[in-house]
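We're numbering straight along the sequence, starting at 1.
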Amino acid sequence: MRTRTLGQGLTVSAQGLGCMGMSEFYGPLDDTESIATIQRALDIGIFFLDTADMYGPFTNEQLVGRAVAARRDEIVLATKFGNERTPDGKYLGVNGRPEYVRRACDASLQRLGVDHIDLYYQHRVDPRTPIEETVGAMAELVGAGKVHHLGLSEAAPETIRRAHATHPITALQTEWSLWTRDPETNRVLATVRELGIGFVAYSPLGRGFLSGSIRTSDDLAQDDFRRRNPRFLGENFEKNLLLVERVREIATQKGVSPTQVALGWVLAQGDDVVPIPGTKRRQYLEENAAADEVRLGAAELAILDETFPPGATAGDRYPDMSTVHR
């Protein structure tokens with residue numbers, strides 16, 4: 001696996017591993033296979049691991065901590081705070097207050113079993129707390145050696161500018177894929193590039209839809225959160241299936257999988273972009289990793305851009321879009 005460099009000189013693997021689904025949201029769980037998947041990722045050169053305190057809640061950080069306990073020096077470990085939940089899963093809202101930032105970081109360090117976090121994100125922007133206060137508290141964590149780099153997730157351009165002026169931001173994490181091209185139209189991508197901030201693309205496979213393996217809602221477990229996602233419902237689902245067929249056609253022509261085409265598109269958007277596809281199975285990890293060798297030609301990229309222009313995908317990204325792009 002090649003490497004790429006985010007802002008402030010943070011070198012990561014060209015693909016990361018999103019660990020969220022190992023503990024919640026995507027159907028049945030298997031901690032043994034999830035830990036094996038994380039360890040296999042390290043074996044093949046994927047050393048940028050992404051988690052958050054809200055996943056589980058809290059159990060995903062513990063899982064990742066167990067998986068990397070003997071290999072801490074091999075990884076770049078990213079986690080997030082800000083989506084506050086109780087141990088029983090209740091969602092309390094977005095919290096960016098300084099005292100919460102400090103408390104959340106200490107709790108994450110304990111669950112992960114590490115003495116520092118390589119990249120610490122504010123998961124969602126708290127509209128009740130000035131971003132300068134939140135990032136100021138995060139900067140204190142850097143000064144204390146508990147955190148090495150700071151990140152934001154789903155922040156709007158002006159928020160990114162104000163945060164970066166308070167303390168250099170290393171990475172902005174936002175959904176970006178063929179079927180989510182908002183960063184190109186809302187000036188988020190332009191802003192981070194102007195400021196020298198790296199872009200970490202989560203859900204680069206459209207929550208698995210671009211893989212072509214989801215053909216009906218019956219392909220999703222009953223407790224899979226995608227069953228409530230607008231893009232996976234009714235007419236939206238059917239319209240989005242038609243878009244995926246173009247990915248499948250290009251994949252067939254190249255002799256690769258639709259997953260690898262979708263990831264190849266994200267990787268082709270620039271060396272400052274790092275996708276973090278999530279999986280909890282080694283089989284899919286290997287398939288994702290192979291996208292590092294897929295090279296899409298100009299004609300193929302043009303076809304994909306024409307098929308998936310901004311706004312082409314039917315339905316919002318979330319049932320409630322109020323917490324993104326603040």
task = Side-chain contact test, heavy atoms from C-beta onward, threshold under 4.5 Å: evaluate it for V324 versus E175 and give yes or no.
result = no

task = Report the relative orientation of the aromatic rings in F232 and F209; use parallel for angles under 30°, tilted for 30 to 60°, perpendicular for over 60°.
result = perpendicular

ask   = Y120 ring centre to R102 NZ or CZ under 6.0 Å, with the angle to the axis within 45°?
value = no

request  = Give a yes-or-no answer on whether the side chains of S108 and D53 include a donor-acceptor pair shorter than 3.5 Å.
outcome  = no

note = Heavy atoms of Y202 and R207 approach each other most closely as CE1-NH2, 4.1 Å

ask   = Which value, rounded to the nearest 0.5 Å, describes the distance between L205 atom CG and S203 atom OG?
value = 8.5 Å

task = Return the minimal non-hydrogen interatomic distance between A155 and I160, and the atom names on each side.
result = O-CD1, 3.6 Å

request  = Measure the spacing between CD1 of I117 and CG of L112 and express it to the nearest 0.5 Å.
outcome  = 6.0 Å

Rounded distance [0.5 Å steps], CZ in R187 versus NE2 in H325 = 13.5 Å

inquiry  = Ignoring hydrogens, what is the shortest heavy-atom contact between P57 and E24? Give both atom names and the distance.
reply    = N-OE1, 4.0 Å

task = Taking all heavy atoms of L301 and all of A268, pick out the closest pair and write down the distance.
result = CD2-CB, 4.1 Å

request  = Could you grab the distance from atom CG of D106 to atom CZ of R111, nearest 0.5 Å is fine?
outcome  = 10.5 Å

key: From K280 atom NZ to T37 atom OG1, the distance as rounded to the nearest 0.5 Å   = 10.0 Å

key: W176 side chain reached by V188 side chain, heavy atoms, under 4.5 Å   = no

query = Would you call I44 and L285 a side-chain contact if the rule is heavy atoms closer than 4.5 Å?
reply = yes

Test item: N83 and V94 side chains (from C-beta on) under 4.5 Å apart, heavy atoms = yes

query = Less than 4.5 Å apart, any side-chain heavy atom of L172 and any of T191?
reply = no

message = Just to verify, what does R193 make a salt bridge (charged side-chain N to carboxylate O under 4.0 Å, His left out) with, not counting sequence neighbours?
response = D272

query = Of all heavy-atom pairs between G151 and M138, which one has the smallest distance, and what is that distance?
reply = O-CE, 3.7 Å

message = Holding to salt bridge (charged side-chain N to carboxylate O under 4.0 Å, His left out), I want the full list of residues that pass it with R215, two or more places apart in sequence or in another chain.
response = E245

request  = With rounding to the nearest 0.5 Å, note down the distance linking CZ in R295 to CD in E300.
outcome  = 12.5 Å

request  = Indicate yes or no for a side-chain donor-acceptor contact from K80 to the backbone of S153 under 3.5 Å, with no hydrogens or angles considered.
outcome  = no

query = Just wondering, do L304 and V261 contact through their side chains at under 4.5 Å, heavy atoms?
reply = yes

